[in-house]
Structure formats: C-alpha cells, structure tokens
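Notes to accompany the following structure.
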Amino acid sequence: MTEPSTADLSAFELAAKISRREIKAVDAAHAYLNRVKSQDAKIHAFNEIYAEDLLAAAEMVDRSLDAGEKSGPLAGVPIALKDNLCTLKGHTTCSSKMLQNFQSPYDATVVTRLKAAGALVVGKTNLDEFAMGSSTENSAFGPTRNPWNPNCVPGGSSGGSAAAVAARMCAAALGSDTGGSIRQPAALCGIVGLKPTYGLVSRYGLVAFASSLDQIGPMTRDVRDAALFLNVIAGPDAKDSTSWPQTPPDYLRDIDRPPEKLRIGLPKEFFGEGLSPEVSKAIHKAVDFFRGHGAEIVEVSLPHTRYGIAAYYVIAPAEASSNLARYDGVHYGHRTAHAEDLIDLYAASRAEGFGPEVQRRIMLGTYALSSGYYDAYYLRAQKVRQLIKADFDHAFKACDVILSPTTPDVAFELGAKSGDPLAMYLCDVFTVTCNIAGIPGMSLPCGFSPSGLPIGMQLLGPLFSETVLLRLARFYETAHDWHRRKPGDDV
Ligand code: GLN
C-alpha cells in the first residue's frame with residue numbers, strides 16, 4: 001500500500017505525525033495550500049485564504065515542537081472556518097454584501113480554543129448569506145460547487161466548509177447548524193458533520209441567525225476527528241449565557257470501544273413519501289449492519305415531524321428578523337450612498353445590502369411577530385416546538401439512538417431549486433426537528449448513489465448523548481470505507 005499523501009490524512013493522524021515530527025507543520029500547510037491552488041478555482045469553497053499567515057504560524061509550530069515545547073492536540077493542523085465565525089484576521093462577511101467589509105474586533109470563542117489547541121486557519125469558507133439556505137447558492141459571492149460533481153450543489157448553508165473538507169483543501173472545518181446546515185452539506189459532500197446539543201459549544205462570536213437554534217460544530221473526514229474537534233471546542237463559556245455550565249467528557253477516550261447493546265429507533269415518519277429509493281436503500285443497509293451486530297432495531301414515531309418545517313420557518317425567521325435589525329448602515333453594515341433622510345438611509349442600506357432570501361426571511365419573521373399575527377404564527381410555532389420536543393422524549397424511552405437519512409435525496413444540480421423556496425426548505429425536513437428540540441445530531445457517510453454522489457445517515461440522541469452517537473458512528477465507520485473514498489480531482 002502506498003503512503004497516503006499528507007492532505008489525505010485525517011486531522012487525528014496528521015496531528016500525531018506532526019507531534020512525532022514525522023511531518024513538518026510547514027509541509028502540511030504547503031500540501032493544503034497546493035490543494036487550494038489546484039481545486040478552489042473550480043469549487044469556490046473559500047471566501048478568503050490566509051496563505052502567508054498559515055505558513056508563518058506553521059513555522060512557529062515547527063519551531064516550538066523542535067524545541068521540545070508542549071503542544072496542543074491540533075498543533076499544525078490546517079482548518080477552515082465558516083465565514084459567519086468572527087475572526088480578528090481578515091473579514092467576517094457571512095457571504096453578504098451587507099458585511100463585505102466587516103472586520104471583527106475579536107475572535108469567536110471556538111476560534112480562540114482552536115488556536116490554543118494549535119490549529120492553523122487556512123481561510124474562511126463560503127455559505128448561504130447569513131446561513132440561510134440549503135445549497136450555498138444564496139452567497140453574495142457566488143455558489144460553491146460539490147467536489148463529487150461540480151454541476152451539483154454542496155448543500156448548505158455550510159457548503160464551503162463541507163466542500164473544503166471533501167476536496168482536501170483543509171483537514172477539517174467548523175460549520176454552524178440552525179436547521180441542518182452542518183449535517184445536510186456533510187451528507188451531500190460525503191463527510192462527517194456533528195451538531196452538538198444546544199449549549200454544549202459557545203456561540204460567542206457566531207454571527208446570530210436564530211439564537212435559540214444555532215450551534216457550531218465540526219465538519220470532518222471521519223468520526224474520530226469529530227470527537228477530537230468537539231473536545232477542543234465544547235465546554236462552558238462565560239461569554240455565552242446559554243452555554244452549558246458543566247465540563248464535557250473526553251469524547252475521544254472511548255471512541256474505539258464499540259457501544260454496548262443499543263436500541264436503535266427508526267422513526268416511521270422519516271421513511272415515507274419523498275425519500276429517494278437510493279438513499280432509502282443505503283440507510284436500510286446500515287440498519288442491517290447494526291442489526292447484524294446485535295443492536296435491537298425498533299420502530300418509533302415522531303408524529304409532529306410533519307409540522308417541523310412549518311414551525312422552523314416561523315421560529316427561525318422570527319429570530320432572524322430581530323437579530324438582523326442591527327444591520328442598518330448605522331450600527332453595522334453596508335451604508336447606501338444615496339439617501340434623502342434617515343428612514344431612507346435605513347431602507348436603502350438594507351435593500352442594497354441583503355440578498356433576496358435574507359429579505360424574504362426578514363419579511364416572514366416580521367410578519368409572524370407583528371401584533372395581530374403573533375398568536376397565530378409565532379406562539380403557535382412555539383407550541384409545536386414543545387410537541388416536537390415531547391415526541392423525542394417519548395421516542396427515547398423506546399430507543400437509545402434514532403437513525404434516519406440525513407437528506408431525502410443526494411446533491412441536486414445548481415439552479416434546480418433556486419427558483420422555488422419551498423422546495424429548498426424541504427431539503428431540511430429530516431434535520432430541523434433536531435434543532436427545534438435542542439438535541440445532538442450527526443451525519444456520516446453511508447454509501448453512494450449509482451451516479452457517484454455521497455449519501456449520509458443521520459444519528460440523533462437525547463440531550464448530551466454525543467459520546468454515544470460518536471461511538472456508534474465510529475463503530476459503523478471502522479467497518480466501512482465510505483469515508484476513505486475521495487472525489488476525483490478532475491471531475
Ligand atoms: N437550510 C435551513 C435554512 O435555510 C437551515 C440553515 C442553517 O442550519 N443555518 O434556514
């Protein structure tokens with residue numbers, strides 16, 4: 001067997017080799033920059049690349065390791081950050097004209113923690129504007145393409161991060177997930193994506209979309225890397241009042257210990273109409289695998305799933321309409337050059353700065369919160385939220401983990417859904433309820449379609465069950481090679 005090239009190593013393997021001095025951090029940085037050079041003109045995963053800083057930081061890592069200094073668990077590992085995570089370096093644009101020139105005066109907590117662990121930032125990745133979308137086509141800077149087939153979307157909104165990891169332009173990346181934006185692009189790009197329990201990872205420095213749903217999480221080559229990155233980013237943070245105050249466990253410790261006898265629930269509502277036969281087939285094969293290894297497979301019901309999209313598309317836009325009020329050309333963001341008076345300045349700045357999907361969400365949210373409609377929409381959606389939470393509580397009495405498809409179908413062609421917001425919203429049908437309930441969810445590769453596009457399986461668990469999800473996913477992954485496949489460079 002030939003040695004895998006540096007950019008093909010997992011983050012875990014790369015970190016080990018760098019710390020053992022088998023690979024120099026500078027060489028790893030060059031390997032990834034070469035990948036960016038050869039791939040990103042086609043894929044457009046990045047909004048900004050920090051080549052010089054990356055190389056300078058890598059040299060520092062080498063120097064400090066050569067001097068025998070103690071290093072962090074990610075020393076020398078090149079990573080990418082979704083461009084809605086605040087970084088002192090460069091711009092934080094949210095792929096919006098509104099924030100095209102915005103420079104954050106601070107690093108997000110996750111960024112601080114990654115840097116302290118020794119990770120090096122390759123650049124900031126493209127997203128649907130303000131993380132609103134499922135294809136990364138809503139970026140003001142042009143779409144990202146799927147490395148498995150550049151005519152297809154990478155999913156969204158963390159499509160840039162997913163494509164960068166899949167195309168080996170970074171060892172791992174961070175994304176954010178409000179209704180599926182880590183798991184859905186992970187599925188469509190054939191990588192692992194984890195949305196942690198709400199509160200497990202600090203949101204300080206994540207540009208807010210819908211604050212009661214947003215979570216930051218890792219997007220990685222394999223499950224062990226997801227555990228490694230979660231170890232670094234999870235844990236209490238005084239700067240985020242919603243962060244969970246307890247110290248999280250070591251997610252790597254038992255990652256290779258197969259889980260004890262588990263009951264895996266299949267929610268019947270996730271296997272009905274609209275699920276593509278090729279996705280269904282791959283998921284059922286995975287179910288057979290678990291059954292063959294002693295898991296008890298039970299059918300569960302999440303009866304309010306069918307209200308998930310409706311509730312999400314009231315709650316998320318409502319919160320967004322409030323969070324995005326600050327971008328008015330005065331407090332923050334693009335300011336129009338042509339305004340007659342103050343009101344006109346606000347209106348024109350917002351009309352020029354926000355793209356069509358963001359404007360649609362602001363209008364939906366403002367409407368849902370307006371007096372006279374609040375009870376009919378927002379309040380009702382909050383009630384549905386409780387029912388969805390109760391569905392999961394009930395289901396987790398009958399099973400330990402829920403297994404489902406991550407998405408109804410594989411990646412679609414660019415433009416296929418961009419004229420039809422509802423069709424785009426339905427991409428999230430299997431992912432939104434997890435955010436609504438606040439529980440953890442992850443997607444991992446479980447096959448390919450006949451046309452060669454990746455398929456993802458979703459695992460959901462009760463609050464703070466990341467350890468179980470990761471161990472179960474790792475058990476599956478070590479018996480399969482889906483995560484080792486990589487897209488061709490010339491597709
Ligand atoms: N696709 C969903 C939306 O457009 C979810 C986005 C996300 O998780 N950030 O809102």
Side-chain angles (χ1 to χ4, degrees), residues 81-85 94-96 125-139 143-144 153-162 173-189 193-196 198 201 203 206-219 308-324 354-365 368 381 406-409 411-412 416-418 420-443 456 458 460:
L81 300 168
K82 186 174 181 179
D83 202 9
N84 61 352
L85 292 166
C94 294
S95 288
S96 178
T125 55
N126 199 14
L127 61 148
D128 287 296
E129 187 176 358
F130 283 99
M132 296 174 188
S134 308
S135 68
T136 316
E137 292 167 294
N138 293 339
S139 166
T144 297
V153 302
S157 64
S158 313
S161 286
L174 290 190
S176 65
D177 191 312
T178 305
S181 279
I182 289 175
R183 290 159 289 153
Q184 187 257 13
L188 269 39
C189 288
L194 170 68
K195 183 210 86 80
Y198 185 80
V201 175
R203 291 180 296 110
L206 166 68
V207 177
F209 164 9
S211 309
S212 77
L213 303 164
D214 299 339
Q215 265 292 287
I216 302 167
M219 304 180 75
I309 290 283
Y312 173 85
Y313 278 96
V314 171
I315 296 169
E319 294 185 23
S321 71
S322 161
N323 276 327
L324 270 59
F354 290 135
E357 182 61 29
V358 175
Q359 294 193 15
R360 180 179 299 121
R361 303 281 179 112
I362 292 172
M363 287 189 275
L364 279 171
T406 307
T407 57
D409 210 342
F412 47 91
K417 298 184 200 257
S418 35
D420 183 352
L422 197 57
M424 194 69 92
Y425 296 173
L426 284 171
C427 296
D428 309 324
V429 58
F430 300 144
T431 49
V432 287
T433 48
C434 163
N435 304 71
I436 290 174
I439 59 173
M442 69 186 291
S443 179
Q458 179 173 245
L460 303 170

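Each residue takes its place number in the sequence, starting with 1. Counting starts at 1 for both ligands and their atoms, in listed order.
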With side-chain contact (heavy atoms from CB on, under 4.5 Å) as the test, would you mind laying out the steps for Thr125 and Lys82 before giving the verdict?
-> CA-CA 5 Å; Thr125 55; Lys82 186 174 181 179; 4.0 Å; yes
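Of the protein's non-hydrogen atoms, the one nearest atom 6 (C) of ligand 1 is Ser181 OG, 2.8 Å. From the protein, the heavy atom lying nearest to atom 2 (C) of ligand 1 is Asp428 OD2, 3.0 Å. For atom 3 (C) of ligand 1, the closest non-hydrogen atom on the protein side is Tyr313 OH, 3.2 Å.
At distances below 3.5 Å, not a single donor-acceptor pair connects side-chain atoms of Gln215 with backbone N or O atoms of Asp177. One N or O on the side chain of Glu129 and one on the backbone of Gly355 form a donor-acceptor pair closer than 3.5 Å. Listed for the Glu319 side chain is a donor-acceptor partner under 3.5 Å among the backbone atoms of Ser212. No donor-acceptor distance shorter than 3.5 angstrom exists from the side chain of Ser135 to the backbone of Gly155, with no hydrogens or angles considered.
Residue contacts with ligand 1: Met132 is placed with no nitrogen or oxygen under 3.5 Å of a nitrogen or oxygen of the ligand (distance criterion only). Not one N or O of Asp177 is nearer than 3.5 Å to an N or O of ligand 1, by distance alone.
Set against the non-hydrogen atoms of Phe209, the atoms of ligand 1 under 4.0 Å away are 9 (N), 10 (O). Taking every heavy atom of Gly133 and a limit of under 4.0 angstrom, the matching atoms of ligand 1 come to 1 (N), 2 (C), 3 (C), 4 (O), 6 (C). Those atoms of ligand 1 that come under 4.0 Å of a heavy atom in Ala131, given as number and element, are 6 (C), 7 (C), 9 (N).
Between the OG1 atom in Thr178 and the CE atom in Met132 there is a gap of 8.5 Å [rounded to 0.5 Å]. Considering CG of Asn84 and OG of Ser181, their distance stands at 9.0 Å, rounded to 0.5 Å.
Gly180 counts as a contact of ligand 1, since one of its heavy atoms falls under 4.0 Å from the ligand. Heavy atoms of Tyr312 approach ligand 1 to within less than 4.0 angstrom. Remark: distances from the non-hydrogen atoms of Arg361 to ligand 1 include one below 4.0 Å.
Residue Ser134 holds the heavy atom nearest to atom 1 (N) of ligand 1 of all those in Ser134, Gly175, Pro317, Gly155.
Side-chain polar atoms of Thr136 and Thr144 form no donor-acceptor pair below 3.5 angstrom.
The aromatic rings of Tyr425 and Tyr313 lie parallel to each other, with less than 30° between the two planes, well short of the 60° mark.
Residue-level proximity to ligand 1 for Ser157 is carried by the side chain, the only part with a heavy atom below 4.0 angstrom. If you look at Thr178 next to ligand 1, the close heavy atoms, those under 4.0 Å, come from the backbone and the side chain alike.
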